[in-house]
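Please read all numbers here as calculations on a predicted model, not as lab measurements.
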Amino acid sequence: MSDWENSGGEGAGMRVEAALGGPTRVLLRGEAGSGKTTLLRWLAITAARGAFTGELADWNGLTPVFVKLREYSGRTLPTPEAMLDSVAGQITGVMPKAWVERQLADGRALLLIKGLTSGRGWRRRASSPPRWSS
């Protein structure tokens with residue numbers, strides 16, 4: 001159990017930087033409208049700007065990769081090269097071959113997956129998350 005889960009109930013709070021600063025993988029859960037997508041977008045924008053401070057300063061220099069699983073409902077999940085198509089389609093054709101895969105493999109990417117716990121689409125076809133999410 002994480003520190004934030006033991007922090008004293010519903011009224012207790014913790015800064016995002018403190019909650020995300022330690023682990024290499026985080027599962028963000030919450031009710032609809034609780035700000036999950038807003039947080040993921042903030043993380044992506046802040047990474048792109050290289051503007052993390054405090055406990056997340058080490059994340060500066062990471063390439064944000066924001067994947068919306070809903071876009072792949074009923075379809076095959078994207079390859080690493082196709083992950084940027086919906087957000088940077090204009091430049092994906094000129095990126096070096098396997099660039100995204102190298103970023104992921106070398107730990108230079110901030111992989112943000114929206115919809116992992118909702119199970120729309122991919123969960124019906126696979127018993128585990130895609131290989132690129134590990």
Side-chain angles (χ1 to χ4, degrees):
M1 189 175 294
S2 300
D3 290 339
W4 64 268
E5 291 176 304
N6 294 323
S7 63
E10 266 186 59
M14 176 180 264
R15 292 189 52 81
V16 169
E17 293 87 349
L20 299 178
T24 58
R25 290 182 184 89
V26 174
L27 175 63
L28 177 64
R29 297 182 335 177
E31 298 295 323
S34 63
K36 299 177 302 294
T37 301
T38 301
L39 176 58
L40 292 176
R41 287 180 180 156
W42 177 82
L43 289 168
I45 291 167
T46 306
R49 291 179 177 162
F52 286 113
T53 60
E55 296 176 58
L56 298 182
D58 289 346
W59 290 16
N60 290 325
L62 295 179
T63 301
V65 178
F66 189 73
V67 179
K68 299 175 196 168
L69 290 183
R70 180 177 283 184
E71 292 179 1
Y72 302 97
S73 181
R75 299 187 307 156
T76 303
L77 289 171
T79 62
E81 289 77 27
M83 286 182 195
L84 297 180
D85 287 352
S86 66
V87 293
Q90 300 84 356
I91 64 168
T92 56
V94 296
M95 289 187 309
K97 187 171 176 67
W99 180 81
V100 175
E101 192 166 293
R102 283 193 305 277
Q103 296 293 308
L104 291 166
D106 294 344
R108 293 188 312 246
L110 178 59
L111 182 59
L112 305 162
I113 305 173
K114 178 180 174 4
L116 188 62
T117 58
S118 65
R120 292 198 176 118
W122 73 268
R123 214 179 259 186
R124 284 180 252 138
R125 295 186 311 277
S127 59
S128 60
R131 182 181 60 84
W132 44 254
S133 70
S134 37

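- Listed by chain and number, the residues in a side-chain contact (heavy atoms from CB on, under 4.5 Å) with Asp106 are Arg102, Arg108 (sequence neighbours excluded).
- Smallest separation of non-hydrogen atoms from Lys36 and Arg29: CD-C, 3.8 Å.
- Checked against side-chain contact (heavy atoms from CB on, under 4.5 Å), Ala57 has the following partners two or more places apart in sequence or in another chain: Asn60.
- The two residues Ile113 and Leu40 make their nearest non-hydrogen contact at O-CD1, 4.1 Å.
- Taking hydrophobic clusters as Ile, Leu, Val, Met, Phe, Trp and Tyr residues chained together by side-chain heavy-atom distances below 4.5 Å, Ile45 does not share a cluster with Leu39.
- Remark: Leu62 engages Trp59, Leu110 in a side-chain contact (heavy atoms from CB on, under 4.5 Å) (not counting sequence neighbours).
- Within a 6.0 Å radius of NZ in Lys114, no more than 12 heavy atoms belonging to other residues, nucleotides or ligands are found.
- Taking the side chain as every heavy atom from C-beta outward, Leu43 and Phe52 approach each other to under 4.5 Å.
- In terms of heavy-atom proximity, Pro64 sits nearest to Ala48 at CG-N, 3.9 Å.
- When side chains are defined from C-beta on, Thr46 does not count as touching Leu56, because their heavy atoms never get closer than 4.5 Å.
- For the residue pair Glu17 and Trp42, the shortest heavy atom distance occurs at OE2-CH2, 4.2 Å.
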